[in-house]
Visitor: 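Shown below is the structure under consideration.
As the structure is a computational prediction, the values presented were derived from the model and not from experiment.
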Amino acid sequence: QVQLVESGGGLVQAGGSLSLSCAASGRTISDYLMGWFRQAPGKEREFVAAISRAGVGTSYADSVKGRFTISRDNAKRTVYLQMTNLKPEDTAVYFCAARTKNFFSASKTEYEYWGRGTQVTISS
């Protein structure tokens, strides 16, 4: 199995940028499709982005398309989420997740391993 730890969250003004990282330990992350989800207070956890095992394919939620970029460095066992043009509605706890099947899914139930999350707050 794999253990995931997110970092890079913080407080940013609207229009700003932030980069999140997800460091993996245990089993190599090249065995997993990796995703980012987020959960705002009082809301369901929602899909943000995902990247295939080799990093060739990506998938994004419509709400972040064109603003967020997911990438991975399997040698460094790290997945990244670069966020630009941030909006107050992007405020949430962001979670990294790993999925053993190598096809995209926006369903949180399809991801077997999760980090504990990192808080992102966007001020208006």
Visitor: So which heavy atom on A24 is nearest to which on L4, and how close?
Guide: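 Scanning both residues completely, I find the closest heavy atoms to be CB-CD2, 3.8 Å.
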Visitor: Treat each ILVMFWY residue as a node, draw an edge where side-chain heavy atoms are under 4.5 Å apart, and state whether V93 and W36 are in one component.
Guide: no
Visitor: Taking the side chain as every heavy atom from C-beta outward, state whether N74 and T28 have any atom pair closer than 4.5 Å.
Guide: no
Visitor: Rounded to the nearest 0.5 Å, what separation is found between the CD atom of E44 and the CD atom of Q39?
Guide: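 Spacing of CD (E44) from CD (Q39) equals 7.0 Å.
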Visitor: Could you give the distance from OG (S107) to CZ (R45), rounded to the nearest 0.5 Å?
Guide: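 It is 12.0 Å, given to the nearest 0.5 Å.
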Visitor: Any side-chain heavy atom of Q119 sitting closer than 4.5 Å to one from T91?
Guide: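 A side-chain contact exists here, since the closest heavy-atom pair is under 4.5 Å.
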Visitor: Side-chain heavy atoms nearer than 4.5 Å, only ILVMFWY residues, links allowed to pass through others: does that put I70 and V48 together?
Guide: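 Yes, one cluster joins them.
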Visitor: Under 3.5 Å, side chain of Y111 to main-chain N/O of L33, donor-acceptor pair present?
Guide: no
Visitor: Could you give the distance from OG (S124) to NZ (K87), rounded to the nearest 0.5 Å?
Guide: 14.0 Å
Visitor: If you measure from the Lys or Arg side-chain nitrogens to the Asp or Glu carboxylate oxygens, is any gap between R38 and E46 under 4.0 Å?
Guide: yes
Visitor: Within this structure, what is the CZ-CD distance for the pair R77 and Q3, rounded to the nearest 0.5 Å?
Guide: 9.5 Å
Visitor: Can you list the residues that meet the ring pair (Phe, Tyr, Trp, His ring centres under 6.0 Å) rule with Y113, with sequence neighbours excluded?
Guide: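 In terms of ring pair (Phe, Tyr, Trp, His ring centres under 6.0 Å), with neighbours along the sequence ignored, Y113 is linked to Y32.
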Visitor: Taking side chain as C-beta onward, heavy atoms only, is W114 less than 4.5 Å from K108?
Guide: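 The answer is yes; the side chains approach within 4.5 Å.
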Visitor: Test side-chain hydrogen bond (donor to acceptor under 3.5 Å, both in side chains) on E112 and T100 and set out the steps.
Guide: CA-CA 7 Å; E112 294 95 332; T100 53; 2.6 Å; yes
Visitor: May I ask you to decide if N85's main-chain N or O and R67's side chain share a donor-acceptor pair within less than 3.5 Å?
Guide: yes
Visitor: Within the 4.5 Å heavy-atom criterion, are N102 and S52 side-chain neighbours or not?
Guide: yes
Visitor: In Å, rounded to the nearest 0.5 Å, how long is the span from OG1 of T118 to CG of L18?
Guide: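 Spacing of OG1 (T118) from CG (L18) equals 8.0 Å.
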Visitor: Report yes if the side chains of D73 and Y80 come closer than 4.5 Å at any heavy-atom pair, otherwise no.
Guide: yes
Visitor: Can you check whether I29's main-chain N or O pairs, donor with acceptor, with R72's side chain at less than 3.5 Å?
Guide: yes
Visitor: Hydrophobic clusters here meaning ILVMFWY residues chained together by side-chain heavy-atom distances under 4.5 Å, can you tell me if F47 and F68 are in one?
Guide: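 No.
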Visitor: When you measure from the side chain of E6 to the backbone N and O of C96, does any donor-acceptor pair fall under 3.5 Å?
Guide: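 Yes, E6 side chain to C96 backbone: donor-acceptor pair under 3.5 Å.
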Visitor: Give a yes or no on this: more than 12 heavy atoms of other residues, nucleotides or ligands lie within 6.0 Å of atom NZ of K65.
Guide: yes
Visitor: Going hydrophobic residue to hydrophobic residue with side-chain gaps under 4.5 angstrom, can you get from I51 over to Y60?
Guide: yes
Visitor: Is there side-chain contact between R53 and S30, with heavy atoms separated by less than 4.5 Å?
Guide: no
Visitor: Within the 4.5 Å heavy-atom criterion, are S21 and K76 side-chain neighbours or not?
Guide: no
Visitor: If two hydrophobic side chains count as joined below 4.5 Å and joins carry through other members, does F104 share a cluster with V79?
Guide: no
Visitor: Side-chain contact, heavy-atom cut-off 4.5 Å: D90 with M83?
Guide: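 No, their side chains stay 4.5 Å or more apart.
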